[in-house]
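Working notes for the structure below.
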Amino acid sequence: NAGMASRFLLAGVEAYVGALWPIHESAAALFGRAFFQRFFGGDPIGAAVRGARLEIRGTLGETDLAWASYILYGDPLCEAPD
């Protein structure tokens, strides 16, 4: 994942969000929904990732490590395009 993120960043992408290991579909859907609501709701990408991680940890519990898999590469202050 870090290799792919590096390639995107070198190509000019401001930020890249990815998972460090495979995530079950239901956990991925929870993260995606929470992340995009925050990001397109006005949170910078770093805050959106953190908020989504905390939300799925609260929903699935700390023993389901899906919340810990998501990582942001790039500028945490990147905002959604208009």
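Throughout, numbering of the chain's residues begins at 1 and tracks the sequence.
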Side chain to side chain, [X] and [Y], heavy atoms closer than 4.5 Å:
X     : Y     : value
Tyr73 : Val13 : no
Phe35 : Ile45 : yes
Phe31 : Val17 : yes

Shared hydrophobic cluster for Phe36 and Tyr70 (ILVMFWY, side-chain gaps under 4.5 Å)
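Yes; tracing contacts between hydrophobic side chains, which count when under 4.5 Å, links both residues.
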Side chain to side chain donor-acceptor pair (under 3.5 Å) partners of Arg38, counting only residues at least two apart
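Testing Arg38 for side chain to side chain donor-acceptor pair (under 3.5 Å), a comparison that skips the adjacent residues, returns Glu55.
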Between [atom1] on residue [X] and [atom2] on residue [Y], distance to nearest 0.5 Å:
X     : Y     : atom1 : atom2 : answer
Glu25 : Leu30 : CD    : CG    : 11.0 Å
Cys78 : Tyr16 : SG    : OH    : 15.0 Å
Ile56 : Asp64 : CD1   : CG    : 7.5 Å

Where is the tightest heavy-atom contact between Ala48 and Asp43, given as atom of each residue plus distance?
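Scanning both residues, the minimum pair turns out to be N-CB, 4.1 Å.
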Pairs in or reaching into residues 71-82: which pass salt bridge (charged side-chain N to carboxylate O under 4.0 Å, His left out), with residues at least two apart or in two chains?
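For residues 71-82, and leaving out neighbouring residues, there are no salt bridge (charged side-chain N to carboxylate O under 4.0 Å, His left out) pairs at all.
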Applying side chain to side chain contact (heavy atoms under 4.5 Å, CB included), name anything that partners Leu65, two or more places apart in sequence or on another chain.
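Residues passing side chain to side chain contact (heavy atoms under 4.5 Å, CB included) with Leu65: Trp21, Trp67.
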Mark yes when over 12 heavy atoms from residues, nucleotides or ligands other than Arg50 sit less than 6.0 Å from its CZ; otherwise mark no.
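Incorrect, the count does not exceed 12.
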